[in-house]
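Both counts, for ligands and for their atoms, begin at 1 and track the order of listing. The residues of the chain are indexed from 1 along the displayed sequence.
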Amino acid sequence: MVNFDFKNPTRIVFGKGTIPQAGSLVKEHGGSKVLLHYGGGSIKKSGVYDTVVKSLTQAGIDFVELGGVQPNPRLALVKEGIKLCREKNVDFILAVGGGSVIDSAKAIGVGTPYDGDVWDFYLATAVPQKNIPVATVLTISAAGSEMSNSSVITNDDGKFKRFLDCPQNYPVFSILDPETTYSLPAYQVGCGITDMFVHAFERYFTTVKNVDLTDRLCEAIMKAIINNAKRLMNNLQDYDAAAEIMWCGSLAHNNLAGTGRIGDFASHMIEHELSGFNDVAHGAGLAIVVPAWMKYTYKHDIPRFVQFAVRIFGVEENFHNPEETALRGIEALSEFFSSVGMPKTLKEIGIEEKDFAAIAKKIRKFDAANDTTGNFLPLKSADVEKILQLAK
Ligand code: NZQ
Ligand code: ZN
């Protein structure tokens with residue numbers, strides 16, 4: 001195990017009928033002038049908006065609103081939100097929606113008290129010192145932003161999609177009512193299931209030894225996702241399955257399962273370039289990238305791939321030919337992604353071979369000195385291009 005410093009301060013209020021608590025929770029956490037931030041309108045159709053507004057009004061909380069967050073949230077709207085928060089003296093942000101709305105809220109939260117350009121934080125040329133606190137009402141089980149320290153924003157100028165990890169990004173509370181997800185189309189449910197699976201998966205593929213406890217935590221999350229995904233895809237209003245999936249989404253990315261180990265995250269970095277390039281849904285992009293990443297890297301640690309195949313998908317271990325077991329695990333994961341409606345190839349999401357070199361070149365590097373991304377097997381741009389070739 002490697003040393004770690006773990007603190008996740010987000011309070012979770014979970015279950016049916018919990019959204020009317022929003023107003024009193026905002027008050028309890030010191031909010032008096034709120035920015036109500038949301039997306040393209042799903043919360044108005046589902047009635048979640050009305051419940052939140054009623055709850056804020058009953059608690060005597062004054063608010064202004066800013067809707068219109070797009071999937072793969074944009075920097076331009078973040079800047080609009082910062083301006084609004086400054087003009088109206090907002091002291092608390094309530095994000096009602098999915099990862100995109102929450103990430104946009106986090107960006108507004110750190111950007112409002114900052115004198116410079118908020119994009120500096122995403123370029124890692126500045127570090128946030130303070131923020132306006134953010135809380136969330138989650139409406140899709142997916143990104144885990146409701147309990148993570150990350151925010152991912154797309155800058156249309158150059159199509160850059162970049163992340164910011166910082167302690168200020170943890171929401172102070174998140175309300176998780178699984179019933180809100182009933183209005184989601186099956187495709188979005190599948191994208192969310194894929195994303196949360198990959199959050200546990202990317203932590204699982206580590207080179208750190210003696211991480212038995214967190215191996216088991218990652219495995220528990222991945223297995224619970226697989227079991228409940230099947231139930232949920234059969235009936236999108238199965239409360240118990242929706243509740244399991246919702247909590248899996250948060251636990252997959254609140255980093256408890258990542259303590260004491262160093263996850264990989266190259267697949268996420270590659271996917272962010274696809275989303276930035278072509279506005280593809282994050283989960284769909286991951287479903288294409290991850291099997292290709294596995295095919296490219298498995299020979300570097302066949303025993304870990306065998307463990308994954310056996311423990312997650314129950315693949316029978318071939319002791320004479322571990323490579324075969326590893327490959328069957330990759331196939332099983334690919335089939336799982338297909339079972340939740342995900343695409344298999346870059347072609348299906350409109351990304352062509354002629355674009356591979358540009359996408360690979362843009363990728364965010366973890367190790368600037370060596371010009372590489374990812375930790376399990378550090379990848380140079382040429383490696384990323386080969387992975388994209390395997391996914392075409
Ligand atoms: O905009 P609205 O109208 O709300 O529609 C949304 C959107 O079209 C819709 N939706 C959400 N809840 C719904 C609903 N439709 C009907 N009923 C509901 N209850 O679903 C669509 C997708 O929403 P989005 O917020 O984009 O989904 P998700 O939660 O998957 O977030 C994806 C974003 O999160 C980032 C991704 O890169 C992507 O930009 N990520 C954020 C992370 C983090 N902050 O920790 C980590 C992740 O790895 C990820 O990168
Ligand atoms: Zn993700």
Side-chain angles (χ1 to χ4, degrees), residues 8 10 19 37-49 51 67-75 77-78 95-107 109 122 134 136-155 161-166 169-171 174 176-203 236-237 242 245-246 249-250 252-255 258 263-276 279-287 289-290 364:
N8 189 313
T10 304
I19 299 176
H37 199 36
Y38 53 91
S42 74
I43 65 162
K44 290 200 170 160
K45 279 193 211 129
S46 66
V48 170
Y49 173 86
T51 310
V69 180
Q70 291 169 248
N72 301 318
R74 301 304 206 274
L75 181 63
L77 193 77
V78 167
V96 184
S100 296
V101 174
I102 300 171
D103 287 0
S104 180
K106 289 175 176 179
Y122 292 81
V134 173
T136 87
V137 175
L138 184 67
T139 64
I140 172 172
S141 309
S145 186
E146 68 280 4
M147 214 178 171
S148 84
N149 67 347
S150 292
S151 152
V152 191
I153 298 294
T154 298
N155 185 348
K161 186 171 182 179
R162 291 289 179 264
F163 70 87
L164 164 70
D165 287 356
C166 64
N169 272 342
Y170 284 112
S174 285
L176 274 57
D177 178 346
E179 286 188 331
T180 58
T181 64
Y182 289 177
S183 52
L184 279 162
Y187 177 71
Q188 286 295 345
V189 175
C191 287
I193 285 169
T194 302
D195 187 20
M196 65 178 74
F197 185 94
V198 177
H199 292 159
F201 172 96
E202 294 242 58
R203 290 179 167 87
L236 297 175
Q237 302 199 353
I245 287 291
M246 192 168 244
S250 304
H253 205 40
N254 75 351
N255 208 33
D264 181 60
F265 292 103
S267 296
H268 261 78
M269 293 306 104
I270 299 172
E271 197 298 311
H272 284 171
E273 295 310 326
L274 304 182
S275 290
D279 222 4
V280 63
H282 175 59
L286 286 172
V289 170
V290 166
R364 176 143 175 188

Is it true that [X] lies under 4.0 Å from ligand 1, counting heavy atoms only?
X: Ser275; result: no
X: Ile43; result: no
X: Lys161; result: yes
X: Pro73; result: yes
X: His272; result: yes

Would you mind running through ligand 1 and noting each atom that sits below 4.0 Å from a heavy atom of [X]?
X: Asp195; result: 47 (C), 48 (O)
X: Pro71; result: 7 (C), 8 (O), 26 (O)
X: Ser148; result: 43 (C), 44 (N), 45 (O)

task: Would you verify that at least one protein heavy atom lies under 4.0 Å from atom 38 (C) of ligand 1, or report that none does?
output: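 Yes; the ligand atom in question has protein heavy-atom contact below 4.0 Å.
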query: What angle, in degrees and rounded to 10°, do you get at the Zn ion (ligand 2) when you join it to NE2 of His282 and to NE2 of His199?
result: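 The two atoms form an angle at the metal of about 170°.
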Would a 4.5 Å heavy-atom cut-off, applied to side chains only, mark [X] and [Y] as touching?
X: Ile19; Y: Val48; answer: yes
X: Pro171; Y: Lys106; answer: yes
X: Asn72; Y: Lys161; answer: yes
X: Val290; Y: Glu271; answer: no

Output yes when a side-chain donor or acceptor of [X] lies under 3.5 Å from a complementary backbone atom of [Y], and no otherwise.
X: Ser275; Y: His272; answer: no
X: Thr136; Y: Ile102; answer: no
X: Arg364; Y: Phe163; answer: yes
X: Asp103; Y: Ser151; answer: no

So, taking the atom named [atom1] in [X] and the one named [atom2] in [Y], what distance separates them when rounded to the nearest 0.5 Å?
X: Tyr170; Y: Ser150; atom1: OH; atom2: OG; value: 8.0 Å
X: Tyr38; Y: Ile43; atom1: OH; atom2: CD1; value: 6.5 Å
X: Leu75; Y: Arg162; atom1: CG; atom2: CZ; value: 13.0 Å

message: Can you tell me if, anywhere in Glu271, an N/O/S atom lies at a distance from the Zn ion (ligand 2) that is smaller than 2.8 Å?
response: no
Look only at interatomic distance and state if [X] has a nitrogen or oxygen under 3.5 Å from any nitrogen or oxygen of ligand 1.
X: Pro185; answer: no
X: Gly40; answer: yes
X: Lys106; answer: no
X: Thr181; answer: no
X: Gly99; answer: yes

- prompt: Relative to ligand 1, is His199 under 4.0 angstrom through side chain, backbone, both or neither, heavy atoms considered?
  reply: side chain
Using heavy-atom distances only, which candidate in [options] approaches [atom] most closely?
atom: atom 16 (C) of ligand 1; options: Gly39, Ser145, Ser104, Ser183; result: Ser183
atom: atom 19 (N) of ligand 1; options: Thr139, Asn169, Ile140; result: Thr139
atom: atom 42 (C) of ligand 1; options: Ala143, Gly192, Ala284, Gly97; result: Ala143

message: For N/O/S atoms only: which one belongs to Asp195 and is nearest the Zn ion (ligand 2)?
response: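 Among the N, O or S atoms of Asp195, the one closest to the Zn ion (ligand 2) is OD1.
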- prompt: So which protein heavy atom does atom 6 (C) of ligand 1 come closest to, and at what separation?
  reply: Ser42 OG, 4.6 Å
- prompt: According to the interplanar angle, ranging from 0 to 90°, do the rings of His253 and His268 count as parallel (below 30°), tilted (30 to 60°) or perpendicular (above 60°)?
  reply: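 The arrangement is parallel - the two ring planes meet at less than 30°.
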task: Starting from the C-alpha separation in whole Å, work towards a yes-or-no answer on side chain to side chain contact (heavy atoms under 4.5 Å, CB included) for Ser250 and Leu176.
output: CA-CA 10 Å; Ser250 304; Leu176 274 57; 3.4 Å; yes
